[in-house]
Asks: 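There's a structure below that I have some questions on.
These numbers come from a predicted model, not from an experiment. The figures that follow rest on heavy atoms only: side chains count, while hydrogens, waters and symmetry mates do not. Below, chain A is the first sequence line, B the second, and so on; all start at residue 1.
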There are 2 protein chains.
Amino acid sequence: MSDDLISDQDYEALAAFRHAMRRFAAFSEMEAKASGLTPRQHQALLAIKGTPSAPNGLAISQIAEHLLIQHNSAVELVDRLAEAGLVRRQSDPADGRRILVTLTERSETVLRGLSAAHLRELRGIRSTLLALLRRF
Amino acid sequence: MSDDLISDQDYEALAAFRHAMRRFAAFSEMEAKASGLTPRQHQALLAIKGTPSAPNGLAISQIAEHLLIQHNSAVELVDRLAEAGLVRRQSDPADGRRILVTLTERSETVLRGLSAAHLRELRGIRSTLLALLRRF
DNA sequence: CGTATATATGTCGTATCACGATATATGTGG
DNA sequence: CCACATATATCGTGATACGACATATATACG
């Protein structure tokens, strides 16, 4: 483990890349918060909206997979989203165990604004991120 | 706010990009945890090591800036790192208010292993990330 | 000089939330 | 129709980032 050869430039590249990712994450947190969402809630909405292969909504287990969180955490996340009126739960007619989670009009609107802001931000930092990535 | 024009492809690109970032973050969490670190602790160590312009260590406020967290959170983060024997606090001879945080031998070793794993991972997902970024 | 102000670090109580362990419901295969 | 897998739900716990506040040091400027 201790015979890895890591140069100072490697460390610098890693630090710079993580800093850039953290900057984007912090931007996203701010935007989400300004819209009354937590980052996780935002990502859940985006996963539902951005999965065209699932037009009837995402199952809770799919949300967990997409966000790489535990299933029970996804349940709780959906609890909070539903309580805030941002998603609806509908049981899957094809499989009674599954709950399909869909957006509401309100979350569609919120997500639209958030996505516009994120697109702007990403277009602004795109070249920086590309340059940082190419250092690896 | 509600007249933003966002296409389905935009949503899909955003969701895919965030999923990739989350994947990397989850990978990093796992690796850090396997080394006995939290993600924040890892990033703090990396910031200290990867800032060549500060060879005597980073001040707590600089760590806060780099990680984009509040100053008091940085203090607490350094508390936990110091307690784990992963950093040392030294007051800055040039400014008695500042505390310079430096790595220990142990954290140098841990960070070396973590960095090697992250370099491998990043080289593996680099082309994927580049492709996702170019969609914006 | 000395006082006001700014900056850096530190302390403490609080709230959030992801998790592990566990429970219940539904589907599936022999 | 029974064993097992899968999906969702519940609950207690721990970790930690934060806001509000406190203290120490530096700097500006009369």
Side-chain angles (χ1 to χ4, degrees), chain A residues 22 25-30 32-34 36-45 47-48 54 56-84 86-102, chain B residues 22-23 25-30 32-45 47-48 54 56-84 86-102:
Chain A
R22 177 69 191 114
F27 161 82
S28 185
E29 283 169 28
M30 255 187 37
K33 184 173 184 178
L37 298 182
T38 65
R40 284 281 208 256
Q41 288 177 333
H42 173 210
Q43 190 166 5
L45 298 182
I48 295 168
N56 299 325
L58 281 190
I60 299 220
S61 53
Q62 291 178 300
I63 293 177
E65 280 166 29
H66 198 280
L67 305 207
L68 295 169
I69 58 179
Q70 300 302 311
H71 300 141
N72 48 348
S73 302
V75 169
E76 293 168 316
L77 182 58
V78 170
D79 282 347
R80 295 188 291 267
L81 282 167
E83 187 163 7
L86 294 164
V87 300
R88 261 189 298 271
R89 276 178 157 105
Q90 314 175 231
S91 62
D92 186 347
D95 185 339
R97 293 170 302 180
R98 304 183 110 204
I99 299 285
L100 294 179
V101 181
T102 57
Chain B
R22 177 68 191 115
R23 266 180 74 93
F27 162 82
S28 185
E29 283 169 28
M30 254 187 37
K33 185 173 186 179
S35 297
L37 297 182
T38 66
R40 284 281 207 258
Q41 290 177 332
H42 174 210
Q43 189 164 6
L45 298 182
I48 295 168
N56 298 324
L58 280 191
I60 299 221
S61 53
Q62 292 179 298
I63 293 176
E65 280 166 28
H66 199 280
L67 304 208
L68 295 170
I69 58 178
Q70 300 302 312
H71 299 139
N72 47 351
S73 302
V75 170
E76 293 168 315
L77 182 57
V78 171
D79 282 347
R80 295 188 291 268
L81 282 167
E83 187 163 8
L86 293 164
V87 300
R88 261 188 298 271
R89 276 177 157 105
Q90 314 175 231
S91 61
D92 185 346
D95 185 339
R97 294 170 301 181
R98 303 182 111 205
I99 298 286
L100 295 178
V101 181
T102 56

Asks: Is E76(B) close to R40(B) at the side-chain level, that is, under 4.5 Å between some pair of heavy atoms?
Replies: no
Asks: Report yes if at least one side-chain N or O of R80(B) is closer than 4.0 Å to OP1 or OP2 of dG14(D); otherwise report no.
Replies: no
Asks: Distance check needed: dT8(D) P versus Q90(A) CD, whole Å only.
Replies: 13 Å
Asks: Can you find an N or O donor on one side and an acceptor on the other, under 3.5 Å apart, linking the side chain of E76(A) with the base of dC19(C)?
Replies: yes
Asks: Counting neighbours of CZ on R23(B) that are heavy atoms of other residues, nucleotides or ligands and sit closer than 6.0 Å, is the number greater than 12?
Replies: no
Asks: Between R89(A) and D79(A), is any pair of side-chain heavy atoms under 4.5 Å apart?
Replies: yes
Asks: For L58(B) and dT9(C), what is the distance between atoms CG and C1' respectively, to the nearest whole Å?
Replies: 15 Å
Asks: Once you round it to whole Å, what is the distance between P of dC17(C) and NZ of K33(A)?
Replies: 11 Å
Asks: Kindly indicate whether the side chain of L77(A), heavy atoms from C-beta on, has any atom under 4.5 Å from the side chain of L67(A).
Replies: yes
Asks: If you assign P93(A) and I99(B) each to the DNA chain C nucleotide with the nearest heavy atom, which residue ends up on the more 5' nucleotide?
Replies: I99(B)
Asks: Just how far, in rounded Å, is P of dC17(C) from CG of D79(A)?
Replies: 12 Å
Asks: Identify, between D92(A) and L68(A), the residue whose nearest nucleotide on DNA chain C lies closer to the 5' end.
Replies: L68(A)
Asks: Would you say the side chain of L45(A) lies within less than 4.5 Å of the side chain of L81(A), judging by non-hydrogen atoms?
Replies: yes
Asks: I need the CD-C1' distance between Q70(B) and dC21(D), as an integer number of Å.
Replies: 14 Å
Asks: Heavy-atom nearest nucleotide on DNA chain D for R98(A) versus E29(A): which residue maps closer to 5'?
Replies: R98(A)
Asks: Side-chain donor or acceptor of R97(A) under 3.5 Å from a matching atom on the base of dT6(D)?
Replies: yes
Asks: Report yes if the side chains of Q62(B) and V101(B) come closer than 4.5 Å at any heavy-atom pair, otherwise no.
Replies: no
Asks: Taking the axis from the first five pairs and the axis from the last five, what angle separates them in the helix from dC1(C)-dG30(D) to dG30(C)-dC1(D), rounded to 10 degrees?
Replies: 30°
Asks: At under 4.0 Å between heavy atoms, what does N72(A) touch on the DNA or RNA strands: base, sugar-phosphate, or nothing?
Replies: base
Asks: Nearest whole angstrom, please: distance from the P of dA8(C) to the CD1 of I60(B).
Replies: 12 Å
Asks: Say whether, by atom type as modelled, one donor and one acceptor occur between the side chain of R88(A) and the main chain of T102(A) under 3.5 angstrom.
Replies: no
Asks: Base, sugar-phosphate or nothing for A59(A)? Non-hydrogen atoms, less than 4.0 Å.
Replies: sugar-phosphate
Asks: Provide, to the nearest angstrom, the distance between the CG atom belonging to D95(B) and the P atom belonging to dA6(C).
Replies: 17 Å
Asks: What's S61(B) touching, base or sugar-phosphate or nothing? Going by heavy atoms closer than 4.0 Å.
Replies: sugar-phosphate
Asks: Rounded off to whole Å, could you give me the CG-to-C1' distance for the L37(A) and dC17(C) pair?
Replies: 15 Å
